[in-house]
Amino acid sequence: MNRSTAALVADAVSEPGSPGLPQSAGPHAVIIGSGFGGLAAAIRLRARGYRVTLLERRDAAGGRAYVMRDQGFVFDSGPTIITAPFLFEELWQLVGRRMADDVTLRALAPAYELRFSDGFRLACFADAPRMRAEIASRFPQELAGFDGFMRQSADICAVAFEQLGHQPFDSLWDMLRQVPSILRLRGHRSLHGLVASHVSDPHLRFALSFHPLFV
């Protein structure tokens, strides 16, 4: 990777004197790509005493959160929905800072709107009661199924994200131990299959199952 293709070659943290960042000549880590994952890895390594160099092909950091500017307009290069802001706050804490001092997160209402080829539109809200009211208004016959899906989603999140999201799976046994939980939560099914077991309207099925596209 030469200098012309690596427009950004910089330390992970630009302020050497930032509190919480060891300045020892420790091991050197080189991270390729400055998306959310690369930036988070760089900060965590720097907080552990590594010297960190971040390589990025584009002219600015961001990855999927990169923005493109053309003729006075600004375009997102990909989805920038933040569903777990506490993970970002943790990164600031690692370097002795407060995210609120640098970044202000503002909730959008609606968070986004789905527009279908047949002209149907559905506003989606982060606020659970407001989203439920939207479903009751647009799909009254599906409300019970929606409630069931949300309850099951909460159970899946409690296990898959809150309990297992930070656990390493270094061996087959680590995974096999979770099989009972996976089967109990019907984790062997596709998301669309799970949604389809609760609701029947094709618009609502899509609205509740397209999110893996973000991953």
Side-chain angles (χ1 to χ4, degrees), residues 1-18 21 28-47 50-95 97-127 130-131 134 157 161 165 190-192 195 202-215:
M1 180 177 291
N2 57 41
R3 188 62 183 87
S4 62
T5 58
L8 176 66
V9 182
D11 284 343
V13 180
S14 60
E15 301 178 24
S18 296
L21 290 177
H28 186 197
V30 178
I31 297 176
I32 300 175
S34 64
F36 283 150
L39 290 170
I43 292 171
R44 291 183 181 279
L45 287 170
R46 186 70 181 273
Y50 282 71
R51 293 181 298 115
V52 179
T53 298
L54 191 60
L55 304 180
E56 172 57 53
R57 182 176 59 184
R58 287 176 163 171
D59 60 347
R64 290 193 303 169
Y66 180 84
V67 295
M68 295 166 284
R69 293 176 170 82
D70 184 34
Q71 300 181 28
F73 296 95
V74 180
F75 302 90
D76 288 343
S77 64
T80 54
I81 295 176
I82 297 176
T83 57
F86 64 90
L87 294 177
F88 289 84
E89 293 169 352
E90 181 182 281
L91 294 175
W92 262 260
Q93 292 170 3
L94 285 174
V95 296
R97 300 178 64 118
R98 295 174 63 251
M99 186 176 75
D101 293 336
D102 301 307
V103 177
T104 300
L105 296 181
R106 297 177 181 174
L108 299 179
Y112 55 89
E113 181 183 67
L114 296 177
R115 301 185 180 188
F116 295 84
S117 59
D118 62 1
F120 186 85
R121 295 186 179 188
L122 177 64
C124 298
F125 298 89
D127 179 71
R130 192 168 182 182
M131 188 68 233
E134 182 75 6
C157 181
F161 183 70
S190 68
L191 177 56
H192 184 272
V195 170
H203 295 114
L204 186 55
R205 282 182 172 181
F206 179 85
L208 297 177
S209 63
F210 80 96
H211 303 89
L213 291 174
F214 288 123
V215 182

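None of the values given here were measured: they were computed from a predicted structure. Position 1 is the first residue of the sequence, and the numbers go up from there.
Heavy atoms of other residues, nucleotides or ligands lying less than 6.0 angstrom from CZ of Phe73 number 12 at most.
Of all heavy-atom pairs spanning Ser209 and His192, the tightest one is OG-CD2, 3.7 Å. Contact between Pro110 and Cys124 at its shortest, heavy atoms only, is CB-O, 3.3 Å. Residues Leu91 and Ala40 share a closest heavy-atom pair of CD1-CB, 3.8 Å. The heavy-atom pair separating Ala29 from Tyr50 by the smallest distance is CB-CD2, 4.0 Å. Annotation for Arg115 and Arg121: closest pair NH1-NH2, 3.6 Å, computed over non-hydrogen atoms. When every heavy atom of Met99 is checked against every heavy atom of Pro85, the shortest pair comes out as CE-O, 4.3 Å.
When the side chain to side chain donor-acceptor pair (under 3.5 Å) test is applied to Asp118, the partners found at least two apart in sequence or on another chain are His203.
Note that the CD1 atom of Ile32 and the CD atom of Glu56 stand 10.5 Å from one another [nearest 0.5 Å]. Atoms OG1 and CG, from Thr53 and Leu45 in turn, are 11.5 Å apart once rounded to the nearest 0.5 Å. Atom CD1 of Ile43 sits about 6.5 Å away from atom CH2 of Trp92, to the nearest 0.5 Å. Here the CZ atom belonging to Arg106 is positioned 10.0 Å from the CG atom belonging to Leu108, to the nearest 0.5 angstrom.
Using a 4.5 Å heavy-atom threshold, the side chains of Val67 and Asp76 count as touching. Looking only at side-chain heavy atoms (C-beta outward), Arg46 and Val95 stay at 4.5 Å or farther from each other. By the 4.5 Å heavy-atom criterion applied to side chains, Phe88 and Leu39 are not counted as neighbours.
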Go through Asp59 and Tyr66 one step at a time and tell me if the side chain to side chain contact (heavy atoms under 4.5 Å, CB included) criterion holds. CA-CA 10 Å; Asp59 60 347; Tyr66 180 84; 2.6 Å; yes

